[in-house]
Amino acid sequence: MSMLIIDFETKSRCNLKTAGAYNYAQDESTDVLCCSFIPQDSNDDREFLWYPSEGQLPDKIVKLIKSASLIAAHNAGFDRLIWDFIAVNDYGFPEVDLDDWYCTSAQMRVNNLPASLEDAARALNTRHKKDHRGAQLIRLLSIPQKDGEFHTTPELLAEMGAYCLQDSRTTKGIVNATRLMTQTEHSDWLNNEDINDRGVKIDRPMALAAQTYSNDEFLEIATELALATNGVITRHTQSARAAQWVVERLHSEEARNMMFKYVAGEPKLTLDKQARAALIDADTLGTIELPEDVFTVITLIDEGNQSSVSKFKNMVLRADVETDKVQGAFVYAGASQTQRYASRGLQMHNMPSRNLYKSIDEAWTTYDRMIKGAKIDKPVMQTLKKMLRHAVMPNDGELLVIGDWTGIEARVLPWLSDSDGGNLKLDKIESGVDVYTEAAHAIGTENRAVGKVMELACGYEGGANAFKVFAKSYGVVMPEEDIKPAIDKWRLANSWVVTFWRALESAAIKAVQNPRKTFSAGLIDYMFEPDLIEGTLLCFLPDGSTLQYPKARLERDSFGISVTALKASVKMKADADEWPRESLYGGRLAGHCAQGTAAALLRNLISRVDKVIAHVHDELILSVPEDEADDYLLMLDDAMGFVPDWAEGLPLDAKCEIAERYKK
DNA sequence: TGCGGCGGCGCC
DNA sequence: AAAGGGCGCCGCCGCA
């Protein structure tokens with residue numbers, strides 16, 4: 001295998017960040033500034049740099065490309081588009097098959113390292129100092145200047161070339177300091193590129209109308225806020241100011257206490273959604289009395305705080321002008337701890353799903369009003385929020401087929417534990433026993449909601465805090481002194497999971513103590529590889545895929561020894577000298593294994609199913625020709641119920657439906 | 001003016 | 001045995 005690392009620097013009038021890579025690459029103003037080529041082989045120190053001013057790509061580089069088995073780039077999705085849309089047509093670059101692309105950022109993510117070149121290099125200590133000049137050069141050369149023209153200074157271009165080469169050297173460094181993607185990972189990455197190319201069609205007129213409504217509403221809210229607060233608060237987003245303003249106007253200690261949340265044990269003043277709900281509820285019940293202006297302010301902030309509405313804006317900015325499709329929304333292994341997918345740009349993974357319209361007819365009624373610009377139900381922001389999913393639509397002449405796995409993680413966790421108690425739980429789930437009611441009984445209550453909160457909050461070693469967070473969102477109230485005993489009772493009734501936490505933790509510790517030997521917990525295997533990334537703890541999931549914990553080591557704290565490792569998702573602070581770390585206690589390991597295995601199931605499903613346009617962790621969305629929708633529905637139902645060889649004994653069940661619009 | 005940190009909010 | 005975990009985006013705010 002010979003890999004050629006390439007890197008484009010480009011310029012454009014199109015805003016890459018807001019328009020996305022697909023629009024950027026196809027914008028007529030987009031052009032190449034330079035491109036670097038470096039073989040990945042550490043024994044091969046050739047380097048090539050090409051500028052468009054040299055004319056067509058020289059033969060020796062064309063030969064180099066043709067002799068390479070893979071073309072690698074950091075965020076190869078971007079370089080692939082520049083290559084296909086610009087370099088092949090304008091500069092004689094040879095065509096490269098999709099299958100021959102390789103993404104080094106994806107390689108960082110499968111190694112559980114930060115995705116960006118800069119951060120991956122910092123985490124690996126291969127390059128410490130942030131390259132401010134690089135960012136400066138991008139501002140100088142890649143975007144139009146104030147006069148609307150681009151700099152063409154040869155000196156600056158030469159500096160950009162050097163910067164481009166340096167990036168490729170850094171890429172070569174991090175590629176060779178970490179594990180390459182396996183064939184399966186590479187093929188899953190390619191499947192993701194396919195989905196990104198396909199795109200998600202959005203309803204442009206509806207998204208545009210939504211923006212008009214929300215702009216008007218934001219203005220109105222701002223005016224009323226300023227009026228109610230004498231100009232102290234001028235926007236609903238001024239959270240610190242609003243919290244201060246409100247707390248100063250509360251009469252009772254009890255009311256003020258509702259405005260504190262605890263972060264790492266420290267009390268913090270907040271006027272977040274839960275604090276607002278608590279204040280309003282207590283006022284309604286009469287246990288506290290809110291001054292009228294405070295009530296007004298809280299209500300206004302509630303109405304304004306529908307951040308999801310900004311997705312309408314993203315849809316319009318990112319949709320292709322001709323096809324109305326948003327491409328490139330998914331990131332393979334974007335969640336590096338668990339290898340779940342992430343979604344960016346038009347973030348498909350956090351569309352509002354609660355308190356939506358009960359029937360699609362109600363949604364269509366609102367839709368008609370929106371398209372006409374007529375009045376829609378108040379509060380306006382809530383109405384728009386309800387409509388957001390429906391702005392995602394099938395391709396022309398097609399229908400959506402949506403499938404949703406039932407309680408996937410609640411099944412995966414007991415299955416992974418490979419225990420009698422876990423199997424009993426699976427049997428109950430399969431035979432339709434209501435596990436929430438049962439959990440309620442286990443802790444001595446008939447209240448099913450309490451049981452639900454216990455099940456959701458406790459599976460990953462969550463304590464009283466976790467319980468409270470879930471309890472609030474499900475409207476469950478439990479006296480403080482009852483919480484801890486309830487958790488203890490739940491753990492007693494689910495001792496298989498407590499055993500599994502301890503087993504995972506112990507296997508991880510033993511693995512680090514005994515390099516290259518395998519230690520099991522349930523269906524999970526751990527092994528420590530001392531020569532990978534300063535020592536990496538490998539976690540093998542049942543499908544053979546791995547979760548990685550780089551720079552793993554044993555650390556002693558007040559409770560004893562535990563494994564700690566680099567935490568990719570927390571950004572290293574500018575003045576820090578080591579990348580942030582995390583402690584791998586049993587509950588956290590269990591969470592990673594359950595999410596990771598669910599993600600493995602989804603990847604497996606995606607590799608078997610055609611016409612996928614989107615997915616949301618346990619949900620798959622296809623766009624299929626209308627007259628084939630019934631067939632695809634049956635197919636998807638089968639595909640989602642199919643249990644791969646490696647998952648024998650795991651019951652899978654899905655709800656699938658045909659829909660004219662995306663919905664919950 | 002640009003940035004990094006942080007609070008807030010949405011989802012599974 | 002203490003600990004929910006995993007994300008991305010938006011806007012504010014303080015600092016350089």
Side-chain angles (χ1 to χ4, degrees), chain A residues 17-18 115 130 132 135-136 139 234-243 261 263-265 268-276 301-302 304-311 313-314 329 331 333-354 385 388-389 404-405 407-410 413 456-470 473 484 487 491 498 501-502 505-506 547 557-560 562 567-575 582-596 598-599 602 615-619 664:
Chain A
K17 205 170 148 51
T18 55
K130 183 163 176 174
H132 285 290
Q136 218 172 0
R139 279 199 295 277
T234 51
R235 290 178 118 126
H236 67 276
T237 45
Q238 291 159 343
S239 52
R241 224 181 288 180
K261 66 170 179 182
V263 180
K268 285 216 157 168
L269 185 69
T270 178
L271 189 58
D272 64 14
K273 200 175 172 182
Q274 280 175 10
R276 295 196 303 270
I301 291 174
D302 261 339
N305 255 348
Q306 309 296 340
S307 65
S308 55
V309 165
S310 65
K311 277 200 172 54
K313 191 176 75 187
N314 262 329
V331 186
S336 69
Q337 300 258 64
T338 61
Q339 301 292 296
R340 290 214 296 195
Y341 293 91
S343 175
R344 286 200 193 132
L346 173 58
Q347 224 278 55
M348 289 292 294
H349 285 179
N350 67 350
M351 297 252 181
S353 67
R354 289 187 258 268
K385 191 173 163 179
L388 187 61
R389 280 183 186 244
D404 206 324
W405 266 319
I408 187 75
E409 280 181 36
L413 185 62
L456 294 175
C458 296
Y460 304 115
E461 215 171 348
N465 251 338
F467 179 88
K468 281 187 253 182
V469 169
F470 279 90
S473 58
K484 186 76 170 56
I487 291 170
R491 288 186 183 180
V498 180
W501 298 335
R502 299 288 83 83
E505 207 168 281
S506 153
L547 305 182
D557 61 19
S558 53
F559 297 97
S562 66
K567 186 174 169 103
S569 59
V570 182
K571 262 205 172 261
M572 184 184 181
K573 298 229 168 94
D575 55 356
E582 68 177 335
S583 180
L584 301 172
Y585 61 91
R588 182 167 285 167
L589 292 170
H592 291 170
C593 293
Q595 286 196 358
L602 182 61
H615 45 77
V616 191
H617 307 305
D618 61 358
E619 178 184 342
K664 190 61 203 167

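All values reported here derive from a predicted model rather than from experimental measurement.
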Phosphate oxygens OP1/OP2 of dC12(C): is one of them under 4.0 Å from a side-chain N or O of Thr237(A)?
yes
Does a nitrogen or oxygen in the side chain of Arg276(A) sit under 4.0 Å from OP1 or OP2 of dG8(B)? no
Counting just side-chain N and O atoms, does Asn305(A) come under 4.0 Å of either OP1 or OP2 of dC9(B)?
-> yes
Worksheet item: Any salt bridge between Arg588(A) and Glu505(A), counting N to O under 4.0 Å?
Response: no
inquiry  = dC11(B), OP1 or OP2 - any side-chain N/O from Ser353(A) closer than 4.0 Å?
reply    = yes
Checklist line | side-chain N/O Arg235(A) vs dC13(C) OP1/OP2, d < 4.0 Å | finding: no
Residues at least two apart in sequence or cross-chain that pass ring-ring contact (aromatic ring centres under 6.0 Å, His included) with Tyr341(A), listed by chain then number, are His615(A)
Does dC3(B) have OP1 or OP2 under 4.0 Å away from a side-chain N or O of Lys571(A)?
no
Ranking dC13(C), dG8(C), dG8(B) by distance to the side chain of Asn350(A), first place goes to dG8(C)
Using a cut-off of strictly less than 4.0 Å, decide whether Lys313(A) has a side-chain nitrogen or oxygen near OP1 or OP2 of dC10(C). no
Taking OP1 and OP2 of dC9(B), is either one under 4.0 Å from a side-chain nitrogen or oxygen of Arg354(A)? no
Whether each nucleotide of nucleotides 1-6 of chain C has a protein heavy atom under 4.0 Å at its base (B), only at its sugar-phosphate (S) or at neither (-) is summarised, 5' to 3', as BBBBBB
Base, sugar-phosphate alone, or nothing: which one does Leu271(A) contact when heavy atoms must sit under 4.0 Å apart?
sugar-phosphate
Residues pairing under salt bridge (Lys or Arg N to Asp or Glu O under 4.0 Å) where one sits in residues 336-346 of chain A, two or more places apart or in two chains, turn out to be Arg340(A)-Glu409(A)
Among dC13(C), dC7(C), dG8(B), the one nearest any side-chain atom of Arg241(A) is dC13(C)
Original post:
Base, sugar-phosphate alone, or nothing: which one does Gly459(A) contact when heavy atoms must sit under 4.0 Å apart?
Top reply: nothing
Residues at least two apart in sequence or cross-chain that pass side chain to side chain donor-acceptor pair (under 3.5 Å) with Lys571(A), listed by chain then number, are Asp119(A)
Short side-chain N/O contact to dG10(B) OP1/OP2 from Lys311(A), under 4.0 Å
no
Between CD of Glu619(A) and P of dC11(B) the distance, given in whole Å, is 12 Å
Check: Within the structure shown, what part of the strands sits under 4.0 Å from Lys17(A) by heavy-atom distance: base, sugar-phosphate, or nothing?
Finding: nothing
Applying side chain to side chain donor-acceptor pair (under 3.5 Å) to Lys664(A) and not counting sequence neighbours gives Asp404(A)
Sorted by chain and number, sequence neighbours left out, side chain to side chain donor-acceptor pair (under 3.5 Å) with Thr234(A) holds for Gln238(A)
